[in-house]
Every structure is written in C-alpha cells, then in structure tokens.
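Written below as structure tokens is the structure these notes are about.
Note that this is a predicted model, so its numbers are computed, not measured.
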Amino acid sequence: MKQLAILYALAGPALVRSEYTVADSVDSNEVFDGYVSYSIEFSSFPDFAGNVSHPNTYSETLLDNLGRIQGTKPYIRVGGNTQDYALYDASLPYALNGTVDPSRSADYPTTITIGPSYFESYNTWKNIKFTHGFNLGLGANRSSGWQTLLDTVPLACKALGGGKLHLWTYGNEPDLYSTSAQGPVRPPDWSESTYVSQWLNGTRQIKALLEEHCPDLLGEDSYGYMAPSFAGVGNRLKAPAAWAAGLNEDRNIKLFSTHNYISGATSPGVTLQGTLMNHAVTKRSVDAHITEYNTILSQSSGPVPPLIFGETNSLYNQGRPGLSNTFGAALWGVDFNLYSASVGFKRVHMHMGTNYRYGAWQPTSTELATIGTKAPYYGSIAVAAALGSRPATVMEIPLDSQTSGADLQPEAAYAIYISGTRLSRLLILNMRSYNTTHQGAGLEPLPSPPPRGQVEYTFRLPSQSSSSCTKPLAAGDRVPVRRLMANGSDAITGITWDGWSYNYELDGGRPVRLSNVTTVGEEVVVEDGGVVRVGVPDASAALLEVGCS
C-alpha cells in the first residue's frame, strides 16, 4: 500500500450534541488481559506465523505493537472452517497441502492435508498463547478424521508446551454441519444431543492422549476448551440446548465461545454507512448473543464459563472489497469491540486469513494481495489504547441518536474505568460517512471531495477524574486527545492512530510518526464544572485521556 498524504481540513457543517454526564464510577466488569486478540484461519496459519527457518517477523511485529499498548500480546486461536477439513499425512514434506474448489469456496482450500512441520508455526512467535483447533467435522464420522485426531494431539501438545498453550477447541461451528454452504458433513436430523455425544467422545480421547504424551498439560491452569464455537444464535443447533444436553459434563470448558458476523458479504442492502458504520446494527448483533448467554445462565445449575467471541469480524464469507477493507470497517471494529466489552464479553478474537478482505493484515504477498497492514488493524490499535494495560471496565454513554431508537445510529461513545471506580478515558466515534474516492472503493481519489463535517461533543466529567489520579480536574486543566483518522470512511490507505502509521512499507509494521499529520499533540481545556468539549470529524474517532492511565 502506498502511504497517502494526510490532510484533515474541516470546512463542512458542524453539529453540536447535548451535554452528557459521565458517571463517577460503575460496577466492575473487567475485561480479560489481551482483550484485543485474533483468530487465524487454520489453513492460513503457516502464512501468518511462518516456520522455524523462515518466521514471519512482520506478523510478530504487529502483535508486539498491540502487546506494548495493552500489556499482553493478543491470544491466538488457530481454527475456522478449515480446521474441520484438515487431515494428517505423516509423510507430507511441508506444512500444508490445500486444494481450492471454487464451487465450495474461492477463498480457502476445502481439501487439506497437514504434515508434521505444520506444528513448527507454533514456535515462531514469542510470548504468545495459542488455542489449537482439532477436526470434529470429519473427526467423528470418518476413520481418517479420527486417525488425524490420534496422530495430531501428540504433535500439537508437544509444540504448545512451555507455556504456549491457552486452550483447545474441538470443531468449528458445528451448528452449521448439516447446512453448510461448503457442503454438509452431518445429516438433516443433526441434533444437539448427537453433537454433545460426539464432542464428549472426542475431548475424552484428547485428554487420554495428553495423559500419555503431555501429562504436564493436564493441570487446572493448562487443560480446557473454548466451546461450543457456534456460528451464531439462529442456526440448526442452539447453544442453550447443547448446554442442557451436557456439553460441559466434564467441567472442562473454560470459556464460552461464540462466533459473530454482522452480515453476509453478498447480502442485499449491505452498505458501509447502513451496516458497519451504524451502532444500531452492531448493538442488535451483539445483544443477540447476550440474550442467548443469559438463557444459559438462567437454566444452568452450575457455573457457566466467561463469555468471549472466539471468532468474529464484519461480513462473513471473508468480507467484501470497498466495505470490510476500508477505514469505515476500522471504525466498526472499535465500536464492536468496545460495545462487546460494555455488555460483558471478556475477550474478542478478530478472525482473518490469507487474502481475506476483512483481515487486519496480509501476512505475505500472493497473486491476489500484497503484504501489508490493513485498515482494521488500526481499529485494533485504537481499542487497545482505549482499554490500556490495567484492568478496565467499559461503559457505553448513550448518545442522542441512540436514545431515539433510530435505525441509523452513526455515533457511539464509551467511558473506560480502572477497577470500576476511576474514570480513565473517553472514546467517541463519529461514524457519519465521508467518502473521498470514486464510488467509495478507496482506489481513485475524487478531484474535489465535499467539505468534511464535524460534531462537537460535550461531557461533564466526575469530580475525581484527574490526569495524575491524585487531584480532581479543575477548570483550565488540559486533557490530551488522540485520534483515529483517515482521509475518509472509504480510505484503504493513509490511516493513522495519533499520527502513527504501522504500514509495512515504512518500517515493517513498526510504529512510524508521520510528519504530515496535523492532529497530533492536541488538548482540550477543562471548563467550569468539569466540562470538556471535543470536535470529532465525520468518519473518525477521538480518545480523551481524562483520568488514570
């Protein structure tokens, strides 16, 4: 990607919002460490991580960036659809052999064999904890699939020793096994009870193999699963029914993992403004999972594991050009992640794969895509900066467009607290569309883009907020402002966070401060009564450092 000039001149109409009072404290609902995490497609993992002789240092640089900001490097889940296609071949001289069948999927192979060297990829990144996905799709109904489980558990556990293991998964989106667009692997009468029976049988075999080959990974802190990893809440199998059927009978599920995509890449009516840059759509999508989880909580006699998104992104089927790869998708990612945190999700794994349109980065150059940092990565950086490295609780601040119940809600705001009692930061998203390229494709600049609008937001801060955490903010104090910016919501290059670029071309993904960004070093002045005002240009986000860091 070429680095475009960053010129954020504002000449459009300005809107002024109501004054919003920010609570002085909230009930603690802290997110987990490494809240900003990733899910990597099983077939793409060797591309993202490389191998021992050729590690992918670019990917690790991008993970390091996030680790420095949020205090813990992202947790990596290796899985996705292709984990349920992968069969093992001990004689394969390289990591993975995959065949793409365009009638099933043009984006990833659906016939896959992996060799012993596949597991080398777990040894290329430092200080990362992984979740490895085993094949349930073929593992429970084909002899070759079951043999793959027997053969790969010893290899996976040996590769993930020494503190690299986070959890295991067994099966990806089994609620779609009988209806998958890539080809059903279960009969039409596929049920929750049958799924649970197969899942228990497989996970018990995994445990038996660990006892034989890696007994050190069977401790309370090292053995467990994220499950059920269902694709959504409206498919053939339902998570509450699976839970009631005994999915956690062995009490080995450590995280309740669900998957989510806002919409389909080819679904009718999907637009950047109406779908991704629309808090109403994001809220409905996330809330459906909260309703499902609460149903399980109400029906369960025992404890239910914490809730995470084990796989998620903007538009399923790997996203759509002009939507999932744009700056607008980065703004969506900020809204999605922070709203999820505000309603109880403890960690979010954003999914990606080689050549995927919605990926945070392209790990290597191919015939279809060039290596590089993509717009959604900047959304990850902004979320990490908003949460910081200390235990954080997120609270949504209802804005005018949200309280009206409108179908289009192009804005959102969040307050972030330390230990639930000290306000730390405010993040404001103005997701009103502002396009500067031909047909919004991000490729051909408009010769004369329209003026860019701006919204002024006013917040009344609690009295104990202070940049030093030792004295209240007073009139005349200054609050730093950091911005997530691009030339427009349709931009696919020229994106910055607080003036920093993470582009591959500049320094291999390391942060580089750009000299042509004008929105750096900003501050707003606190007025009487703890009032702060900040202007947020259309299609951008602003982070106010109002308290404890």
Under 3.5 Å donor-acceptor, Q70 side chain and T72 backbone: yes

Less than 3.5 Å apart, any donor N or O on the side chain of R77 or N172 sitting next to an acceptor on the other? yes

Could you pull out all residues at least two apart from S389 that satisfy side-chain contact (heavy atoms from CB on, under 4.5 Å)? none

Evaluate the side-chain proximity of E292 to T258: yes if any heavy-atom separation is below 4.5 Å, no if none is. yes

Could you tell me whether the side chains of N337 and Y35 share a donor-acceptor contact shorter than 3.5 Å? no

Do E396 and Q402 touch side chain to side chain, with heavy atoms closer than 4.5 Å? yes

Does the ring center of Y225 lie less than 6.0 Å from the ring center of Y170? no

Any donor-acceptor N/O pair, E249 side chain to L200 backbone, under 3.5 Å: no

Check whether any side-chain heavy atom of R320 sits under 4.5 Å from a side-chain heavy atom of V270, and report yes or no. yes

Is the shortest heavy-atom distance from the side chain of P306 to the side chain of F32 under 4.5 Å? yes

Compute the centroid of each ring, for H166 and then for F130, and state whether the two points are separated by less than 6.0 Å. no

Just by modelled atom types, is the L62 backbone N or O under 3.5 Å from a matching donor or acceptor in the Y377 side chain? yes

Cation-pi geometry met for R104 and Y85 (6.0 Å, 45°): yes

Who pairs with W497 by ring pair (Phe, Tyr, Trp, His ring centres under 6.0 Å), at least two apart in sequence or on another chain? none

Please name the pair of heavy atoms, one in K73 and one in L63, separated by the smallest distance, quoted to 0.1 Å. CG-O, 3.9 Å

I'd like to know if the side chain of Q273 pairs up with that of N278 as donor and acceptor (distance under 3.5 Å, no hydrogens or angles considered). no

Gap separating the CG atom of L209 from the CG atom of L217, nearest 0.5 angstrom: 12.5 Å

Please tell me if the side chains of I308 and H349 come closer than 4.5 Å, counting only heavy atoms from C-beta onward. yes

Provide the closest heavy-atom pair for T169 versus S229 in the form atom of the first, atom of the second, distance. CG2-OG, 4.4 Å

Which value, rounded to the nearest 0.5 Å, describes the distance between S193 atom OG and L247 atom CG? 12.0 Å

Are the side chain of T124 and the backbone N or O of S121 linked by a donor-acceptor pair below 3.5 Å? yes

Answer whether the closest heavy-atom distance between the side chains of L87 and I112 falls below 4.5 Å. no

Is R142 atom CZ crowded by more than 12 heavy atoms from other residues, nucleotides or ligands, each under 6.0 Å away? no

F48 side chain reached by M352 side chain, heavy atoms, under 4.5 Å: yes

Please answer whether the main-chain N or O of A386 pairs with a side-chain N or O of R425 as donor and acceptor at a distance below 3.5 Å. yes

I want to know whether H132 and F42 have ring centres closer than 6.0 Å. yes

Under a 3.5 Å distance rule, please check whether S37 uses its side chain to pair with a backbone N or O of G34 as donor and acceptor. yes

Run the salt-bridge test on E30 and K346 with the 4.0 Å N-O cut-off and return the result as yes or no. no

Once rounded to the nearest 0.5 Å, what's the spacing between atom CG of D175 and atom CG of L237? 6.0 Å

Would you say D189 has more than 12 foreign heavy atoms packed within less than 6.0 Å of its CG? yes

Tell me whether the centres of the aromatic rings in Y316 and Y358 are closer together than 6.0 Å. no

Going through the checks in order, is the ring-ring contact (aromatic ring centres under 6.0 Å, His included) test met by Y223 and W168? CA-CA 8 Å; Y223 177 66; W168 307 105; 8.1 Å; no

Report yes or no: does S267 contribute a side-chain atom to a donor-acceptor pair with the main-chain N or O of S263 at less than 3.5 Å? no

Donor-acceptor under 3.5 Å (S180 side chain, L176 main chain): no

Starting from the C-alpha separation in whole Å, work towards a yes-or-no answer on ring-ring contact (aromatic ring centres under 6.0 Å, His included) for Y195 and F230. CA-CA 12 Å; Y195 159 63; F230 281 6; 5.6 Å; yes

Parallel, tilted or perpendicular for F336 and F309, by the 30°/60° rule? tilted

On the 0 to 90° scale, with breaks at 30° and 60°, tag the Y118-Y122 ring pair as parallel, tilted or perpendicular. perpendicular

For the student: nearest non-hydrogen atoms of P188 and S178, plus distance: CA-CB, 4.4 Å

Value rounded to 0.5 Å, distance of OG in S43 from CD1 in I114: 11.0 Å

Pair D33, R347 - check salt bridge (charged side-chain N to carboxylate O under 4.0 Å, His left out), show working. CA-CA 8 Å; D33 66 326; R347 188 177 290 132; 3.1 Å; yes

From S324 atom OG to L276 atom CG, the distance as rounded to the nearest 0.5 Å: 6.0 Å

Of all heavy-atom pairs between P46 and A95, which one has the smallest distance, and what is that distance? CG-CB, 4.2 Å

Residues in ring pair (Phe, Tyr, Trp, His ring centres under 6.0 Å) with Y88, at least two apart? none

With distance as the sole criterion, is a donor-acceptor pair present between the side chains of W361 and S59 under 3.5 Å? yes

Just by distance, no angles: are the side chains of S103 and D101 close enough, under 3.5 Å, to form a donor-acceptor pair? yes

Would you say Q182 and S105 are linked by a side-chain donor-acceptor pair, where the criterion is simply a distance under 3.5 Å? no

Between T354 and D47, do the side chains contain an N or O donor and an N or O acceptor separated by less than 3.5 Å? yes

With distance as the sole criterion, is a donor-acceptor pair present between the side chains of Y108 and N81 under 3.5 Å? yes

Does any N or O in the side chain of K164 come within less than 3.5 Å of the main-chain N or O of A159, such that one atom is a donor and the other an acceptor? yes

Between D335 and K283, is the closest basic N to carboxylate O distance under 4.0 Å? no

Do E173 and H259 have a side chain donor and acceptor closer than 3.5 Å? yes

Test item: Y417 side-chain N/O and D24 main-chain N/O as donor-acceptor pair under 3.5 Å: no

Within the 3.5 Å criterion, strictly below it, is a donor on S191 or T194 matched to an acceptor on the partner's side chain? yes

Spatial distance of atom CG (N141) from atom OH (Y177) [nearest 0.5 Å]: 9.0 Å

Provide the closest heavy-atom pair for V196 versus A245 in the form atom of the first, atom of the second, distance. CG1-O, 3.6 Å

Under 3.5 Å side-chain donor-acceptor pair for N201 and Q205: no

Beyond-backbone contact of L66 with S380, side-chain heavy atoms, under 4.5 angstrom: yes

Can a side-chain donor-acceptor contact be found between R186 and Q198 if the only test is distance below 3.5 angstrom? yes

Does a donor on one side chain sit under 3.5 Å from an acceptor on the other, for Y356 and N313? no

Examine the side chains of S18 and D400 and answer whether a donor and an acceptor come within less than 3.5 Å of each other. yes

Under 4.0 Å between a side-chain nitrogen and a carboxylate oxygen: does that hold for E192 and K238? no

Side chains of Y261 and H351: any donor to acceptor distance under 3.5 Å? no

